[in-house]
Amino acid sequence: DGNVNDPNVDMTGWVKTNSANQIFDENGKNQQEINDSLKVRLNNVLYASDFKITGNGSDESDKVQQMLNVATGKTLDFENKIVWCGKQVQMVGKTKLSLQNGKLKALASSRTDIENRVLFLNQCSDFTSVNFDADGNRQERTPDEKSIHTVTMRSCKNFIVINANWVNG
């Protein structure tokens, strides 16, 4: 059995093992959420799911923009999701970053909101794109005659693109 009266004498009988998602802090976060956020910060990797990006077919432009806003020095992993954008998302002045494992795709209804591009990179440097696609979705936009640029880079330097399809502008 063990001591259940005084934990200062001996902890036998006092310890109960809980999983990390059963232990909560004063703000209501469970230990697993805290562990996951520390892992992200330590590895300098941000995941689409950290920004509640689901890839469910709805316009997630604002969530993607939030992710891109903190891009400097980070790897942004889209977790192999197709993420739909109804308006342009952009990075300005970001350095030492990587986009990977996903696709940005223009919504069919985005012909007037997309601002003539899906992804705009302006004055970014030391940038990589690995397994990351951008799709202007020309075949579904109406009217499809209005062209857009899938990705536009302005005044960028030192970039590497590996295994990317930037199509259907």
Side-chain angles (χ1 to χ4, degrees), residues 27 29 32-169:
N27 296 316
K29 281 191 173 187
Q32 189 61 54
E33 291 170 324
I34 294 167
N35 293 350
D36 291 344
S37 70
L38 290 173
K39 176 181 69 177
V40 167
R41 281 190 224 116
L42 291 174
N43 293 332
N44 285 326
V45 177
L46 300 174
Y47 296 93
S49 56
D50 296 331
F51 294 84
K52 311 256 187 287
I53 297 170
T54 63
N56 66 5
S58 65
D59 183 359
E60 298 190 278
S61 304
D62 292 337
K63 295 174 187 175
V64 172
Q65 189 60 60
Q66 288 174 352
M67 189 175 185
L68 299 179
N69 288 344
V70 295
T72 292
K74 306 281 189 218
T75 295
L76 307 180
D77 190 327
F78 282 79
E79 303 172 282
N80 299 310
K81 296 176 182 179
I82 297 174
V83 182
W84 296 84
C85 294
K87 58 186 175 185
Q88 167 186 290
V89 293
Q90 64 183 355
M91 290 191 290
V92 179
K94 303 296 181 187
T95 62
K96 299 177 183 168
L97 65 118
S98 179
L99 295 176
Q100 65 184 29
N101 304 325
K103 177 189 276 189
L104 296 181
K105 189 168 184 177
L107 281 172
S109 62
S110 64
R111 82 178 162 85
T112 57
D113 294 335
I114 203 70
E115 300 175 39
N116 295 321
R117 58 182 75 92
V118 177
L119 175 61
F120 180 42
L121 305 170
N122 188 3
Q123 300 175 6
C124 294
S125 63
D126 304 312
F127 165 85
T128 61
S129 175
V130 181
N131 301 320
F132 192 81
D133 301 336
D135 186 344
N137 196 17
R138 187 174 189 148
Q139 66 277 14
E140 293 181 25
R141 287 194 330 266
T142 53
D144 65 355
E145 300 85 35
K146 183 177 183 344
S147 65
I148 63 173
H149 298 287
T150 307
V151 177
T152 300
M153 293 182 173
R154 181 180 297 149
S155 301
C156 293
K157 61 183 179 180
N158 301 330
F159 62 90
I160 300 171
V161 178
I162 300 169
N163 196 27
N165 290 300
W166 295 350
V167 297
N168 294 320

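Just so you know, these numbers use all the heavy atoms, side chains as well, and skip hydrogens, waters and symmetry mates. In this text the structure is predicted, and so the values were computed from the model without any measurement.
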For this session: Using a 4.5 Å cut-off on heavy atoms from C-beta on, say whether the side chain of Trp166 contacts that of Val118.
Result: no
Exercise. Can you tell if the side chain of Lys81 reaches within under 4.5 Å of the side chain of Ser49, non-hydrogen atoms only?
Worked result: yes
For this session: Might you point out which heavy atoms bring Lys94 and Thr72 nearest each other, and give the distance in Å?
Result: CD-OG1, 3.3 Å
For this session: Using side chain to side chain contact (heavy atoms under 4.5 Å, CB included) as the criterion, point out the one residue from Asn137, Asp133, Val89, Val151 that pairs with Leu104.
Result: Val89
Problem set entry | Leu46 backbone acceptor or donor facing Asp50 side chain under 3.5 Å | no
For this session: List for me each residue that meets side-chain hydrogen bond (donor to acceptor under 3.5 Å, both in side chains) alongside Gln123, sequence neighbours excluded, and say none if there are none.
Result: none
Exercise. Going by heavy atoms in the side chains, are Leu97 and Met91 under 4.5 Å from each other?
Worked result: yes
For this session: State which residues pass side-chain hydrogen bond (donor to acceptor under 3.5 Å, both in side chains) with Asn101; sequence neighbours excluded, sorted by chain then number.
Result: Asp77
Exercise. Are the side chain of Asn165 and the backbone N or O of Val167 linked by a donor-acceptor pair below 3.5 Å?
Worked result: no
Problem set entry | With sequence neighbours excluded, residues passing side-chain hydrogen bond (donor to acceptor under 3.5 Å, both in side chains) with Asn80 | none
Problem set entry | Residues which pass side chain to side chain contact (heavy atoms under 4.5 Å, CB included) with Asn158, listed by chain and number, not counting sequence neighbours | Asp126
Seminar exercise, completed: Here the pair of heavy atoms bringing Gly93 nearest to Cys124 is N-SG, 4.1 Å
Exercise. Side chains of Phe120 and Arg154: does their closest heavy-atom pair fall under 4.5 Å?
Worked result: yes
Exercise. If we only count heavy atoms from C-beta on, is the Cys85 to Lys105 side-chain gap below 4.5 Å?
Worked result: no
Exercise. Does some side-chain heavy atom of Ser129 sit less than 4.5 Å from a side-chain heavy atom of Phe127?
Worked result: yes
Problem set entry | Inter-residue atom distance Lys96.NZ - Asn44.CG, 0.5 Å rounding | 11.0 Å
Exercise. How many angstroms lie between CG in Leu99 and CG in Leu68, if you round to the nearest 0.5 Å?
Worked result: 6.5 Å
For this session: List the steps, then state whether side chain to side chain donor-acceptor pair (under 3.5 Å) holds for Asp62 with Gln66.
Result: CA-CA 6 Å; Asp62 292 337; Gln66 288 174 352; over 6 Å; no
Seminar exercise, completed: Residue set satisfying salt bridge (Lys or Arg N to Asp or Glu O under 4.0 Å) with Lys103, at least two apart, ordered chain then number -> none
Exercise. Taking atom CG of Asn163 and atom CD of Gln100, what is their separation to the nearest 0.5 Å?
Worked result: 12.0 Å
Exercise. Rounded to the nearest 0.5 Å, how far does NZ of Lys74 lie from CE of Met67?
Worked result: 11.0 Å
Without placing hydrogens or testing angles, list every side-chain donor-acceptor pair under 3.5 Å for residues 51-59, not counting sequence neighbours.
unit_1	atom_1	unit_2	atom_2	d
Thr54	OG1	Asn56	N	3.3
Thr54	OG1	Asn56	OD1	3.4
Thr54	OG1	Asn56	ND2	3.2
Thr54	OG1	Glu60	OE2	3.3
Asn56	OD1	Ser58	N	3.0
Asn56	OD1	Ser58	OG	2.7
Asp59	OD1	Ser61	N	2.9
Asp59	OD1	Ser61	OG	2.6
Asp59	OD1	Gly86	N	3.0

Exercise. Are the side chain of Ser155 and the backbone of Asn122 linked by a donor-acceptor contact shorter than 3.5 Å?
Worked result: no
Exercise. Would you find a donor on one side and an acceptor on the other, under 3.5 Å apart, between the side chain of Gln88 and the backbone of Leu119?
Worked result: no
For this session: Please identify each residue that fulfils side-chain hydrogen bond (donor to acceptor under 3.5 Å, both in side chains) with Ser98, with sequence neighbours left out.
Result: Thr128
